[in-house]
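All remarks here apply to the structure that follows.
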Protein chains: 2
Amino acid sequence: MTEQSEAARRPLNTDRVLRAAVALADATGIDSLSMRRLAQELGVVPMALYKHVANKEELLDGMADVVVGEIDPPDPDVDWKGAVRQRILSARQALLRHPWASRVIESRTRPTPATLAYLDSMIGMFRAGGLSVDLTHHVMHALGSRVLGFSQELFDDGAPGPDPDTQAAALREMSRRYPHIAEVASRADHDGRSVVGPGCDDQFEFEFALDLLLDGFDRLRRQGWSSTTTQRNHPRS
Amino acid sequence: MTEQSEAARRPLNTDRVLRAAVALADATGIDSLSMRRLAQELGVVPMALYKHVANKEELLDGMADVVVGEIDPPDPDVDWKGAVRQRILSARQALLRHPWASRVIESRTRPTPATLAYLDSMIGMFRAGGLSVDLTHHVMHALGSRVLGFSQELFDDGAPGPDPDTQAAALREMSRRYPHIAEVASRADHDGRSVVGPGCDDQFEFEFALDLLLDGFDRLRRQGWSSTTTQRNHPRS
DNA sequence: ACCTGAACACCGTTCAAGT
DNA sequence: ACCTGAACACCGTTCAAGT
């Protein structure tokens, strides 16, 4: 499209690569985003990209972080439920602005820094609202794909992992940077087993959310709920 | 792997192609499933596959249907809530057996026949349970990714669509085959506008489910809910 | 009429040769 | 030391040539 305009001659950096990739995916779809096409868009030889991103997966990681970074910070002047509600709706808007983003975020096998920061902050909102660590944990699972357009369970399955020492160091570093995630992750369950690591009983988490919804449906059924009696904040356009 | 064993010499048909594709994806992951690799597995030249599937997208459609076809039918001897619960947990198991399936199903731009049949039957369960057409509609949206591991909203955005006549004929055929879907899809909203087609207010549906969950969380918080007091049907293995 | 090998237009990434 | 063109090992799909 833009074939090496003057602007494209500026020296490359990771940020410029990422923003160009996001713009290209927005304009032409994620399927036509290739390293070669992106390089061409930047007026650069394909190999030049590999100095700023290790490979395509890392490019996609960075793109995911750009989108997650667009989510509004929490509003401190609202009660916890309202603040969580606003924030999740803001996340939804970010994903709607970049239709490719849900799929890219879902396909990440490791959480990216911006995603971790977002989750940490979200957990902090529940904790500040008075939810226990235990309840907050299951609540985060229950929101699941709703909180970001992806299921956290995808983050569990993974590579063999490094030796115990580096793992412990990584955990300390993680606790420092994301204290709320650490608090939830290190809770002990009622058997006394510590549940850092493999951790979550996915079947339990799935049923927790499923039953919350089914119970809610049943309550509405008994009340004779109808959408016509519900106020719509955002009328159909 | 198997290089044209005797079994592979049997004449090809769509079913055998699909089952081989599912087996290959199960064994080696969806990323290494290519037309060429699949052909090799079947002891066949790549072009031979194109007599049984039009292209790779159609292959993926067929694979999605194989997985959806594995979901158990509803149990007629259980109340609606229990039956829906069982069925969704069965869907979850099917997806867990084929880790690639969620992503493939999510990436379909058009619903496949088995998916439509599953959704139709699921809607029928809610209707039989006494939920109104209106409530059932929003309930299906609320379950969203939970009902199948994908967000139905993905089905909305799409191609230009054929001329009105064929469209009307397709709608009649659809009503005959999937009566419950038709009933929900053709409901009139309170403005009197008929909402076949573009139809759903996604923002409303998203908030409907979000608020059901948030209200549920708040209720549990007030009750001092703890996971240790909750019976786990499926203890951690 | 059917089948298929070769070819086309792409990929992501490696690597050795050039400056 | 840095940069990059060519090459490698793949893709999905078309198409014309062979039977």
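Just so we're on the same page: letters track the sequence lines, and every chain starts at 1. These figures come from a predicted structure and were not determined experimentally.
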For dC2(C), give its Watson-Crick or G-U wobble partner with both distances under 3.5 Å, or none.
dG18(D)
Which of the following nucleotides, dT13(C), dC3(D), dT13(D), is nearest to the side chain of Asn55(B)?
dT13(D)
Val45(A) side-chain proximity, nearest of dG12(C), dG5(D), dG12(D)
dG5(D)
Identify whether the distance between the nearest side-chain nitrogen and carboxylate oxygen of Asp61(A) and Arg108(A) falls below 4.0 Å.
yes
Across all strands, who's sitting opposite dC10(D) as a Watson-Crick or G-U wobble pair, both distances under 3.5 Å?
none
What is the distance, rounded to the nearest whole Å, between atom CE of Met35(B) and atom C1' of dC10(D)?
16 Å
If you measure from the P atom in dC8(C) to the same atom in dG18(D), how many Å do you get, rounded?
16 Å
Side chain of Lys51(A), heavy atoms from C-beta onward: which of dG12(D), dG12(C), dC3(D) has the nearest atom to it?
dC3(D)
Assign each of Arg36(A) and Ala48(A) to its nearest nucleotide of DNA chain D by heavy atoms, then name whichever residue's nucleotide is nearer the 5' end.
Ala48(A)
How many whole angstroms separate atom CG of Leu38(A) from atom P of dT13(C)?
12 Å
is_close_aromatic(Phe126(B), His180(B)), centroid dist under 6.0 Å:
no
Between dC11(D) (P) and Leu33(B) (CG): distance, integer Å:
10 Å
Length of the line joining Asp31(B):CG and dC10(D):C1', which is rounded to integer Å:
14 Å
Take the protein atom CZ of Arg37(A) and the nucleotide atom P of dC11(C), then report the distance between them rounded to whole Å.
9 Å
Taking CD from Gln40(B) and P from dG12(D), how many angstroms apart are they, rounded to a whole number?
12 Å
d(Ile123(B) CD1, Thr136(B) OG1) to nearest 0.5 Å is 7.5 Å
Whole angstrom is fine here: how far is it from CG in Leu49(A) over to P in dC11(C)?
13 Å
Is it the case that the side chains of Trp100(B) and Asp31(B) hold a donor-acceptor pair, with the cut-off being a distance below 3.5 Å and no angle test?
no
What is the nucleic acid contact for Met47(A), judged by heavy atoms within less than 4.0 Å: base, sugar-phosphate only, or nothing?
base
dC2(C) to dA16(D) separation - C1' atoms, rounded to the nearest Å:
14 Å
Specify the separation, in whole Å, of atom OH of Tyr50(B) and atom P of dG5(C).
15 Å
Do the ring centers of Phe204(A) and His141(A) come within less than 6.0 Å of each other?
no
